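Worksheet for the structure shown next.
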Amino acid sequence: MTLDDIRRIAVIGAGQMGSQIAMQAALHGYPVALQDVSAAQLDKALAGNRTQLDKRVAKGKLAAEDRDAALARLEPTSSLEAAAADADFVIEAVVEKLDEKREVFRRLDACAPPRAVLATNSSYIGNSQLAEVTSRPGKVVNMHFFFPPLVMRLVEVVKGEKTSDETVDLTAALARRMGREPVVLRKELPGFLVNRILRAIQTEAYFLLENGVATFADIDRAAELGLNFPLGPFKLADFSGLDIGYYSRLDRYKQTGNPADLPPQALRVRVERGDLGRKTGRGFYDYSSDPPSPVGES
Ligand SMILES: NC(=O)c1ccc[n+]([C@@H]2O[C@H](COP(=O)([O-])OP(=O)(O)OC[C@H]3O[C@@H](n4cnc5c(N)ncnc54)[C@H](O)[C@@H]3O)[C@@H](O)[C@H]2O)c1
């Protein structure tokens, strides 16, 4: 399959990532089926995308007719089978839980056309763990966008144990056609490039916090003022969603059995409370005020 053979895209999961990945593809001319198990989430995704595009129109960066055309290319559905039935390229963006993703890939393999590439937007999970439940491992790949996908230019494309070179090249070409800049990882490694670097920073930040060296707000300030980071590690964790870091650490722990890989206590208590960061209005910081205020001291 060549880039021009990709005529329809399906995005599975219409959360923070899937909604905007679908929008980015639609802005670049693709009809996109956007599927989620939650009808309320689909409504939220469409409303959020409209707001983003309205802002561009107001700033003169997008013509109103191009906004309307792009929004009209989004086809929301609650049926995974309907979304994938005639897709040439599927991007999975459901919650970061291995079992859930494997189930989605099993179903996609059964209902997507044999020519279709099945890509995952997972932040940490290598595609081989998903490819093995399909009959098309050569067509399974990581296509990892960054939050928020309507803004962030990078896409990591990861070649798994069985991913074909053709699939890697096609995925990178699609990323470019969607206005994004791909980097290719020739080896599969959990967390890929950016999140491995990020994890090293966050691991140190949690170490400092849990050993009582400084408050999370001061650790953030130190990284912002001393390293010129646009966001400190705890603000960034809130921005991405605390559940993402939590589940990825749990999965890693399940693989290694190493207690050092368990989610830090400061992360666990917040996720258990349902404080998942910006998306729930509260995480390390409370987003009901502007600027957001730190919640507690540790
Ligand atoms: N948030 C980030 O910064 C970020 C960045 C890059 C990649 N990712 C990855 O993208 C994926 C999605 O993350 P998110 O932040 O959008 O999460 P999210 O919680 O905002 O969205 C996940 C969506 O998937 C839906 N869903 C769950 N199970 C489903 C199923 N079986 N079929 C269809 N829909 C289902 C949920 O209803 C929800 O709307 C994860 O794998 C995550 O690791 C996240």
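Whatever order the structure lists ligands and atoms in, that order sets their numbers, starting from 1. If you're wondering where the values come from, they're calculated on a predicted model, not measured in any experiment.
Shortest non-hydrogen contact noted between Lys159 and Asp165 is NZ-OD1, 3.1 Å. Nearest heavy atom pair, residue Leu267 against residue Gly245, reads CD2-C, 4.0 Å. When all heavy atoms are compared, the tightest approach of Leu34 to Gly13 is CD1-O, 4.0 Å.
Met17 N, 2.8 Å is the protein heavy atom nearest to atom 16 (O) of ligand 1. Ranking protein heavy atoms by distance to atom 28 (N) of ligand 1, first place goes to Glu100 OE2, 3.1 Å. The protein atom (non-hydrogen) at minimum distance from atom 41 (O) of ligand 1 is Glu96 OE1, 2.5 Å. Scanning all protein heavy atoms for the shortest distance to atom 8 (N) of ligand 1 gives Ser123 OG, 3.1 Å. Of all protein heavy atoms, the one lying nearest to atom 1 (N) of ligand 1 is Ser240 O, 3.0 Å. Summary of contacts: the protein heavy atom closest to atom 21 (O) of ligand 1 is Gly15 CA, 3.2 Å. Remark: minimum distance from atom 32 (N) of ligand 1 to any protein heavy atom is reached at Val37 CG1, 3.6 Å.
The shortest N or O to N or O distance between Phe145 and ligand 1 is not below 3.5 Å. Residue contacts with ligand 1: Val94 is placed with a nitrogen or oxygen under 3.5 Å of a nitrogen or oxygen of the ligand (distance criterion only). Between Asn121 and ligand 1, an N or O atom pair is found at a separation short of 3.5 Å.
Defined by atom type and a distance below 3.5 Å, a donor-acceptor pair is present between the side-chain atoms of Glu96 and Ser122.
Checked against the 6.0 Å centroid criterion, the rings of Phe234 and Tyr285 do not qualify as a close aromatic pair.
Distances below 4.0 Å separate heavy atoms of Val104 from the following atoms of ligand 1: 31 (N). The contact set between ligand 1 and Lys279, taken as ligand atoms under 4.0 Å from a residue heavy atom, comprises 19 (O). Taking a cut-off of under 4.0 Å to the non-hydrogen atoms of Lys101, the atoms of ligand 1 that pass are 40 (C), 41 (O). Close contacts between ligand 1 and Phe147 involve ligand atoms 2 (C), 3 (O) [criterion: under 4.0 Å to a heavy atom]. Atoms of ligand 1 found under 4.0 Å from any heavy atom of Gln35, numbered from 1 in the order shown, are 32 (N), 33 (C). Annotation for ligand 1: atoms under 4.0 Å from non-hydrogen atoms of His144 are 6 (C), 7 (C). Less than 4.0 angstrom separates some heavy atom of Ser122 from each of these atoms of ligand 1: 41 (O).
Taking a 4.0 Å cut-off on heavy atoms, Glu103 fails to register as neighbouring ligand 1. Residue-ligand proximity: Glu92 is placed with every non-hydrogen atom at 4.0 Å or more from ligand 1. Contact between Gly241 and ligand 1 is absent, with no heavy atom of the residue lying under 4.0 Å from the ligand.
Heavy atoms from both the backbone and the side chain of Gln16 come within less than 4.0 Å of ligand 1. Here Tyr124 has no heavy atoms under 4.0 Å from ligand 1, in either its backbone or its side chain.
Of all the listed residues (Leu108, Asp243, Asp36), Asp36 holds the heavy atom that lies closest to atom 37 (O) of ligand 1.
Under 4.0 Å is where a charged nitrogen must lie from a carboxylate oxygen, and between Lys162 and Glu132 no such pair does. Here Glu224 does not pair with Arg221 in a salt bridge; the nearest charged N to carboxylate O distance is not below 4.0 Å. Taking the charged nitrogens against the carboxylate oxygens, Asp88 and Arg115 do have a contact shorter than 4.0 Å, which makes a salt bridge.
Between the side chain of Thr167 and the backbone N or O of Gly138 there is at least one donor-acceptor pair closer than 3.5 Å. Within the 3.5 Å criterion, the main-chain N or O of Asp109 finds a donor-acceptor partner in the side chain of Arg136. Looking at Glu156, its side chain does come within 3.5 Å of a backbone N or O of Leu193 through a donor-acceptor pair.
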Working for side chain to side chain donor-acceptor pair (under 3.5 Å), residues Asp36 and Ser78: CA-CA 5 Å; Asp36 202 287; Ser78 58; over 6 Å; no
Report the C-alpha distance between Tyr30 and His28 in whole Å, list the side-chain angles of each, state the deciding distance to 0.1 Å, and finish with yes or no for ring pair (Phe, Tyr, Trp, His ring centres under 6.0 Å). CA-CA 6 Å; Tyr30 288 103; His28 288 77; 8.4 Å; no
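A cation-pi arrangement, defined by a distance under 6.0 Å to the six-membered ring centre and an angle within 45 degrees of its axis, is absent between Arg270 and Tyr206.
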